[in-house]
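Below: the structure, in structure tokens.
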Amino acid sequence: DQQVKQNSPSLSVQEGRISILNCDYTNSMFDYFLWYKKYPAEGPTFLISISSIKDKNEDGRFTVFLNKSAKHLSLHIVPSQPGDSAVYFCAASANFGGFQKLVFGTGTRLLVSP
Amino acid sequence: KAGVTQTPRYLIKTRGQQVTLSCSPISGHRSVSWYQQTPGQGLQFLFEYFSETQRNKGNFPGRFSGRQFSNSRSEMNVSTLELGDSALYLCASSLQGGNYEQYFGPGTRLTVT
């Protein structure tokens with residue numbers, strides 16, 4: 001049972017335009033959400049996060065939106081740059097069995113073309 | 001500050017063999033988590049160690065095991081390798097684990113033939 005889903009395996013956008021990556025989750029116990037970026041041959045790197053008490057968090061070109069009622073979060077990258085081309089993973093955290101546990105989605109490959 | 005290191009980076013094994021992967025976390029980090037990444041499956045959580053104790057475990061068979069040493073370094077062992085174990089194995093460290101920001105190593109690419 002995939003509790004965190006990224007239904008778009010890939011996304012292509014032009015440089016300068018907005019990239020929107022989506023993520024859905026099924027468990028209402030998740031209370032903290034993160035986005036990671038992964039380049040080939042490297043481990044994922046933390047990008048931005050949001051707590052369930054907020055609905056928006058912004059860091060430079062990156063903004064994460066959280067819609068708790070829809071159990072949906074999205075990552076907006078504006079403007080997109082070729083260096084943003086990578087695989088993006090969303091992750092959700094909740095307390096399961098007394099400990100915080102992080103569940104990752106399957107990833108979306110973003111390609112930003114010049 | 002040095003990042004998370006994993007050794008070896010690449011490994012080729014045959015079915016039935018066993019393998020041990022190593023992870024050195026960032027200095028001061030006490031939590032080490034292991035993940036398996038395969039195409040289409042994302043990052044599947046294997047287990048987390050905190051202060052030498054396994055604190056969390058994912059849904060993997062008992063062939064997958066791990067341990068953590070007093071210096072927070074961790075090892076992961078897979079016994080009786082199967083073709084389906086071919087994957088990128090990632091280690092991540094954090095101060096406390098859970099929803100704290102995790103820092104990933106570059107991974108070990110395991111190929112089982």
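In this text the structure is predicted, and so the values were computed from the model without any measurement. Numbers restart at 1 for each chain; the letters A, B, ... are given by sequence-line order, proteins then strands.
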Return yes when atom [atom1] of [X] has more than 12 non-hydrogen atoms of other residues, nucleotides or ligands closer than 6.0 Å, and no otherwise.
| X | atom1 | result |
| --- | --- | --- |
| A/R109 | CZ | no |
| A/L111 | CG | yes |
| B/K57 | NZ | yes |
| B/N59 | CG | no |

*Would A/K38 and B/L88 count as a side chain to side chain contact (heavy atoms under 4.5 Å, CB included) if you check the C-alpha gap in whole Å, the side-chain angles of each, and the deciding distance to 0.1 Å?*
CA-CA 13 Å; A/K38 185 181 185 301; B/L88 179 68; 3.8 Å; yes

*Side chain, backbone, both or neither: which part of B/L43 has a heavy atom under 4.5 Å from chain A?*
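When you check distances to chain A, atoms from both the backbone and side chain of B/L43 fall under 4.5 Å.
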
*Side chain, backbone, both or neither: which part of B/R9 has a heavy atom under 4.5 Å from chain A?*
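Side chain of B/R9 only, per the 4.5 Å heavy-atom cut-off to chain A.
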
*Decide if the gap between the ring center of B/Y35 and the ring center of A/F104 is smaller than 6.0 angstrom.*
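Yes, ring centres under 6.0 Å apart.
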
*asked:* Please tell me whether B/F104 and A/Y36 form a close aromatic pair, meaning their ring centres lie under 6.0 Å apart.
replied: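 Yes - the distance between ring centres of B/F104 and A/Y36 falls below the 6.0 Å cut-off.
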
*Which atoms of A/P44 come close to chain B, meaning under 4.5 Å heavy atom to heavy atom: side chain ones, backbone ones, both, or neither?*
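The answer is both parts of A/P44.
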
_Partner residues of B/D85 under the side-chain contact (heavy atoms from CB on, under 4.5 Å) criterion, sequence neighbours left out_ =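 Testing B/D85 for side-chain contact (heavy atoms from CB on, under 4.5 Å), a comparison that skips the adjacent residues, returns B/R63, B/F64, B/V78, B/L81, B/E82, B/Y89, B/V112.
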
_A/V103 side chain reached by B/F45 side chain, heavy atoms, under 4.5 Å_ =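 No, too far: nothing below the 4.5 Å cut-off.
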
_Listing request: all salt bridge (Lys or Arg N to Asp or Glu O under 4.0 Å) pairs with a residue in residues 72-92 of chain A, at least two apart in sequence or in separate chains._
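Salt bridge (Lys or Arg N to Asp or Glu O under 4.0 Å) check on residues 72-92 of chain A returns A/R61-A/D84.
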
_Rounded to the nearest 0.5 Å, what separates atom OG1 in A/T106 from atom CD in B/Q37?_
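Reported value, rounded in 0.5 Å steps: 10.5 Å.
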
